[in-house]
*Asks:* 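Below: one structure in structure tokens.
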Amino acid sequence: MSKCSKLPLIALLAGMTIAPIVVSAQSAQPAAGGDQAKQRVWDSLEPIKPSYAGKKSGPAPRRDISGIWDAAEQDGGRQPSGALEHPALTAPRGQGVEGGRPDETGIMRPLHYTPLGLEALKANKPSGPSVRQVPAALANDPVDQCDPIGFPRMELFELRTIELVQTSTQVVYLNQFYGNFRVIWTDGRELPTDPELRWNGYSVGKWEDDYTFVVETVGLNPRSWLDHAGRPHSEDLRVEERFHRVDHDNMELTVTIYDPKMYTEPWQGLNKFPLHLQPPGFDISELLCSPIDYAEYNKQVGSAVLPATDKK
């Protein structure tokens, strides 16, 4: 396998608990010593918490959320057990029973499903660490086949580094995981009333005040899951994002789910989740689902654990 197709298997198996192979371009290493400015100009590494915790920042610019923003792992962006505000766990990870349950009875912060929503939940079989976890071979997660991760799952699972680019008519949203992008229109158009369904939907945004950008998204393909715990949604799903620029280097993201077909009340997947501004030269590495590497991985690793058969 080529140098640029290096597979981060340890992180994949330990943290993500998903079947498809995610191909990372993180192969370059920092130079030993020398000028710091010349080190790691490609495939930049995400910052660790001590580098930003408690750091003083200047004032936020008005009506500006552009830049490269990192959702640090230490703040909970990976979300392997479901949306950060509602993990499908009965206790903090590692302290409760995981797997073997048909529903989410007894989890720490339960969601309120409609009968249709509960039926849809039970049909989804997640392999991530949660009360309903099943063996990977029995899971039916769409991303296990390299299907698009979709929205809002791109924010409620493996939220890593994003880049926001503002123009006079739109905000372009680039997401590192699975190479996702979205267009958020800011030209005053209304959301479509009978949209053709998309994996990432249709988004419009407006400024609520000088530091809060609010996005509404509809027209989302119900074949996607909301998070890694297999939470379902219908074609009537509406998602609200609130990007609040706290100061120059920090922003908060809140994601609210509205889907009366599946849930009896709205719920938040993220609540003021911290995003940290990165230098303009930060190079976002690739994290893509590659069917070719997925098949090769299954061939090499899967064959090693298949039961032996008698040769006649």
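Just so it is clear, the values below take in all heavy atoms, side chains as well, and ignore hydrogens, waters and symmetry mates. Quantities reported herein were computed from a predicted structural model and do not represent experimental measurements.
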*Asks:* Give the ring-plane orientation class for Phe177 versus Phe157, where under 30° counts as parallel, over 60° as perpendicular and anything between as tilted.
*Replies:*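 Ring orientation of Phe177 relative to Phe157: perpendicular.
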*Asks:* Heavy atoms, side chains only, cut-off 4.5 Å: are Lys125 and Leu138 in contact?
*Replies:*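 A side-chain contact under 4.5 Å is absent here.
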*Asks:* Are Arg198 and Tyr202 in a cation-pi setup, meaning NZ or CZ lies under 6.0 angstrom from the ring centre and within 45 degrees of the ring axis?
*Replies:*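 Yes, Arg198 and Tyr202 form such a contact.
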*Asks:* Run Thr90 and Arg101 through side-chain contact (heavy atoms from CB on, under 4.5 Å) and show every step you take.
*Replies:* CA-CA 11 Å; Thr90 58; Arg101 298 192 181 189; 3.5 Å; yes
*Asks:* Can a side-chain donor-acceptor contact be found between Thr254 and His244 if the only test is distance below 3.5 angstrom?
*Replies:*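 No, because no side-chain N or O of His244 sits under 3.5 Å from a partner of the opposite role on Thr254.
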*Asks:* Between Thr212 and Asp209, is there a side-chain donor-acceptor contact under 3.5 Å, judged purely by atom types and distance?
*Replies:*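 The answer is yes; a qualifying pair exists.
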*Asks:* Determine yes or no for a side-chain-to-main-chain donor-acceptor pair under 3.5 angstrom, with Arg160 supplying the side chain and Gly77 the backbone.
*Replies:*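 Absent.
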*Asks:* Taking Val172's backbone N and O only, do any of them form a donor-acceptor pair with Gln166's side chain (distance below 3.5 Å, no angle check)?
*Replies:*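 Side chain of Gln166 to backbone of Val172, a donor-acceptor pair under 3.5 Å: no, none is there.
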*Asks:* Scan side-chain atoms only and decide if Asp43 and Ser285 contain a donor-acceptor pair under the 3.5 Å cut-off.
*Replies:*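 The criterion, which ignores hydrogens and geometry beyond distance, is not satisfied for Ser285 and Asp43.
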*Asks:* If you take all heavy atoms of Phe273 and Ala71, which pair is closest and at what distance?
*Replies:*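 Minimum heavy-atom contact is CE2-CB, 3.5 Å.
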*Asks:* Measure the OG-CD distance between Ser127 and Gln133 for me, rounded to the nearest 0.5 Å.
*Replies:*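 Reported value, rounded in 0.5 Å steps: 7.0 Å.
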*Asks:* Does Glu265, at its CD atom, have more than 12 non-hydrogen atoms belonging to other residues, nucleotides or ligands within less than 6.0 Å?
*Replies:*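 Check passes, neighbour count above 12.
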*Asks:* Shortest non-hydrogen contact from Met154 to Leu159?
*Replies:*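 Heavy atoms of Met154 and Leu159 come nearest at O-CD1, 3.9 Å.
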*Asks:* What closest approach, in Å, do Val255 and Val239 show between heavy atoms, and which atom pair accounts for it?
*Replies:*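 Scanning both residues completely, I find the closest heavy atoms to be CG1-CG1, 3.8 Å.
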*Asks:* Between Asn124 and Pro232, is any pair of side-chain heavy atoms under 4.5 Å apart?
*Replies:*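 In contact.
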*Asks:* With hydrophobic residues grouped by side-chain heavy-atom distances under 4.5 Å, do Leu45 and Ile68 end up in a single group?
*Replies:*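 Result: no, two separate clusters.
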*Asks:* Ignoring hydrogens and angles, tell me if any N or O in the side chain of Ser44 forms a donor-acceptor pair with the backbone of Phe282 under 3.5 Å.
*Replies:*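 Not at all, since once roles are kept as given, no pair shorter than 3.5 Å links the two residues.
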*Asks:* Mind listing the closest non-hydrogen atom pair of Gly219 and Pro195 along with its distance?
*Replies:*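 Scanning both residues completely, I find the closest heavy atoms to be CA-CG, 3.7 Å.
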*Asks:* Quick one: is the NZ or CZ of Arg238 closer than 6.0 Å to the six-membered ring centre of Tyr258, and within 45° of its axis?
*Replies:*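 Yes, a cation-pi geometry holds between Arg238 and Tyr258.
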*Asks:* Mind checking whether Ile149 and Asn180 have side chains closer than 4.5 Å, heavy atoms only?
*Replies:*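 The answer is yes; the side chains approach within 4.5 Å.
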*Asks:* Where is the tightest heavy-atom contact between Pro222 and Leu197, given as atom of each residue plus distance?
*Replies:*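 For Pro222 and Leu197, the tightest heavy-atom pair comes out as CD-CD1, 3.6 Å.
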*Asks:* Which pair of non-hydrogen atoms, one from Gln79 and one from Leu84, has the smallest distance, and what is that distance?
*Replies:*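 Answer, listing the atom of Gln79 first, then Leu84: OE1-N, 2.9 Å.
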*Asks:* Arg231: what forms a salt bridge (charged side-chain N to carboxylate O under 4.0 Å, His left out) with it, not counting sequence neighbours?
*Replies:*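 Arg231 satisfies salt bridge (charged side-chain N to carboxylate O under 4.0 Å, His left out) with Glu104, Asp227 only.
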*Asks:* With a 4.5 Å cut-off on side-chain heavy atoms, are Ile162 and Leu275 touching?
*Replies:*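 Yes, side chains in contact.
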*Asks:* Which value, rounded to the nearest 0.5 Å, describes the distance between Asn250 atom CG and His276 atom NE2?
*Replies:*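 The distance works out to 6.5 Å.
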*Asks:* Whether the side chain of Ser66 engages the backbone of Val165 through a donor-acceptor N/O pair (distance < 3.5 Å, no angle test) should be reported.
*Replies:*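 Looks like no, no N/O pair under 3.5 Å.
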*Asks:* Validate the cation-pi geometry between Arg182 and Phe151: distance from NZ or CZ to the six-membered ring centre under 6.0 Å, angle to the ring axis within 45°.
*Replies:*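 That pair qualifies as a cation-pi contact.
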*Asks:* Measure the shortest side-chain to side-chain distance between Leu226 and Leu237 over non-hydrogen atoms and say whether it is less than 4.5 angstrom.
*Replies:*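 In short, these two side chains touch, coming nearer than 4.5 Å.
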*Asks:* Going only through I, L, V, M, F, W and Y residues with side-chain contacts under 4.5 Å, is there a path from Leu220 to Val218?
*Replies:*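 The answer is no; the residues belong to distinct hydrophobic clusters.
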*Asks:* Using side-chain contact (heavy atoms from CB on, under 4.5 Å), reason through Arg245 and Arg62 one step at a time and then give a plain yes or no.
*Replies:* CA-CA 9 Å; Arg245 189 84 180 250; Arg62 294 179 64 253; over 6 Å; no
*Asks:* Can you confirm whether the side chains of Ser234 and Asp259 place a donor and an acceptor under 3.5 Å from each other?
*Replies:*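 There is such a pair between these side chains.
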*Asks:* Looking at CG of Leu270 and CZ of Arg242, how far apart are the two atoms once the value is rounded to the nearest 0.5 Å?
*Replies:*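 The distance works out to 14.0 Å.
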*Asks:* Tell me, do Ile65 and Tyr211 make a side-chain contact under 4.5 Å, heavy atoms counted?
*Replies:*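 Heavy-atom side-chain distance check fails, nothing below 4.5 Å.
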*Asks:* Could you please spell out the steps behind the side-chain contact (heavy atoms from CB on, under 4.5 Å) verdict for Glu240 and Val214?
*Replies:* CA-CA 7 Å; Glu240 180 191 84; Val214 180; 3.9 Å; yes
*Asks:* Would Leu116 and Leu121 show up in the same hydrophobic cluster when neighbours are defined by side-chain heavy atoms closer than 4.5 Å?
*Replies:*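 Yes, it is one cluster - the side chains of Leu116 and Leu121 are joined through contacts under 4.5 Å.
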*Asks:* Taking it one step at a time, do Val246 and Lys272 satisfy side-chain contact (heavy atoms from CB on, under 4.5 Å)?
*Replies:* CA-CA 10 Å; Val246 178; Lys272 298 181 179 180; over 6 Å; no
*Asks:* Transitively linked via ILVMFWY side-chain contacts under 4.5 Å: Tyr178 with Trp199?
*Replies:*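 The answer is no; the residues belong to distinct hydrophobic clusters.
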*Asks:* Answer with yes or no whether the hydrophobic clustering places Trp207 together with Met251; edges join I, L, V, M, F, W, Y residues whose side-chain heavy atoms lie under 4.5 Å apart.
*Replies:*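 Linked within one cluster.
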*Asks:* Does this structure show an ion pair linking Asp247 with Lys55, if we count only N-O contacts that are shorter than 4.0 Å?
*Replies:*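 A salt bridge is absent here (no side-chain N lies under 4.0 Å from a carboxylate O).
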*Asks:* What is the distance from atom CD of Glu85 to atom CG of Leu156, rounded to the nearest 0.5 Å?
*Replies:*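 Those atoms lie 10.5 Å apart.
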*Asks:* Tell me whether the count of non-hydrogen atoms from other residues, nucleotides or ligands lying under 6.0 Å of CD1 in Ile292 goes above 12.
*Replies:*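 No - once you tally the heavy atoms of other residues, nucleotides and ligands closer than 6.0 Å, there are 12 at most.
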*Asks:* Do Trp267 and His86 have ring centroids that are under 6.0 Å from one another?
*Replies:*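 Yes, ring centres under 6.0 Å apart.
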*Asks:* Distance alone, cut at 3.5 Å: any donor-acceptor contact between the side chains of Ser203 and Glu216?
*Replies:*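 No - no donor-acceptor pair under 3.5 Å links their side chains.
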*Asks:* With distance as the sole criterion, is a donor-acceptor pair present between the side chains of Asp75 and Tyr52 under 3.5 Å?
*Replies:*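 Indeed, the side chains of Asp75 and Tyr52 share at least one donor-acceptor pair under 3.5 Å.
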*Asks:* Determine whether Gln268 and Ile257 make a side-chain contact, defined as any pair of heavy atoms from C-beta on separated by less than 4.5 Å.
*Replies:*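 In short, these two side chains do not touch, never coming nearer than 4.5 Å.
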*Asks:* Using a 4.5 Å cut-off on heavy atoms from C-beta on, say whether the side chain of Glu241 contacts that of Thr217.
*Replies:*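 The answer is yes; the side chains approach within 4.5 Å.
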*Asks:* Just how far is it from atom CD of Gln74 to atom CD1 of Ile48, taken to the nearest 0.5 Å?
*Replies:*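 Between Gln74 CD and Ile48 CD1, I get 7.0 Å after rounding to 0.5 Å.
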*Asks:* To the nearest 0.5 Å, tell me how far Arg132 CZ sits from Leu89 CG.
*Replies:*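 Taking CZ in Arg132 and CG in Leu89, the distance rounds to 12.0 Å.
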*Asks:* Under the 3.5 angstrom rule, does the side chain of Asp144 hit a backbone N or O of Ala136 as a donor-acceptor pair?
*Replies:*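 Not at all, since once roles are kept as given, no pair shorter than 3.5 Å links the two residues.
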*Asks:* Does the Ser57 side chain pair with the main chain of Asp249, one donor and one acceptor, at a distance under 3.5 Å?
*Replies:*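 Looks like yes, one N/O pair under 3.5 Å.
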*Asks:* Less than 6.0 Å separating the ring centroids of Tyr263 and Tyr113?
*Replies:*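 Between Tyr263 and Tyr113, the centre distance is under 6.0 Å.
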*Asks:* Does a salt bridge link Lys261 with Glu235, judged by any charged N lying under 4.0 Å from a carboxylate O?
*Replies:*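 Counted as a salt bridge, because a side-chain N and a carboxylate O are separated by less than 4.0 Å.
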